[in-house]
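Some notes on the structure that comes next.
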Amino acid sequence: MLETKLLLLFGICLAAVLINGLVIVKFYKAGSREAVPVVVVPLTKNMETPEFIVRNCVYRIAERCPETIVAVVNFGADSETLNIFEKLMEHSCRYEIIDAENCSESICKILGDTV
C-alpha cells in the first residue's frame, strides 16, 4: 500500500516537472531570451530512477534551451545517486546541488544570479 502511494506521488511529481519543462520551453521560444530557465529536480534517498528524470525531463529542456540551470535539491540522496546524476549532467547544462534545509535561499540566489 505504501509503495503504491509513493509511486503515485512520484508520478505526480514527474508530471509536474514535465509540465513545468514544457511551459519553460514555450516561454523561451516565445522570444524572451533574457530569461534563463531554472528546473528544480528533487533527489531522494535510495532513488532508483535519476537517469529517467534526467534523460526524459532535463535533457529535453536543455537541448532546446542550452542556458538552462538545474537546481538539484538533495533530500538525503545517497552518494551513488548523486554520482549518477553528476555523470549524466556533465555535458548537458549548468547544475547546482542544494541541501533541502536551505533550498529556498539557494534557489532565490540562483534566480538572482540569472537576472
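Given the structure is predicted, the values throughout are model-derived calculations rather than measurements.
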Atom pairs and distances, side-chain donor-acceptor, residues 69-77, under 3.5 Å, sequence neighbours left out:
{"unit_1": "Asn74", "atom_1": "OD1", "unit_2": "Gly76", "atom_2": "N", "d": "3.0"}
{"unit_1": "Asn74", "atom_1": "OD1", "unit_2": "Ala77", "atom_2": "N", "d": "2.7"}

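The distance from atom CD1 of Ile98 to atom NZ of Lys109, rounded to the nearest 0.5 Å, is 10.0 Å.
When the shell of 6.0 Å around CD of Glu80 is examined, it contains 12 or fewer heavy atoms from other residues, nucleotides or ligands.
Side-chain atoms of Asp78 come within 3.5 Å of backbone N or O of Thr81 as a donor-acceptor pair.
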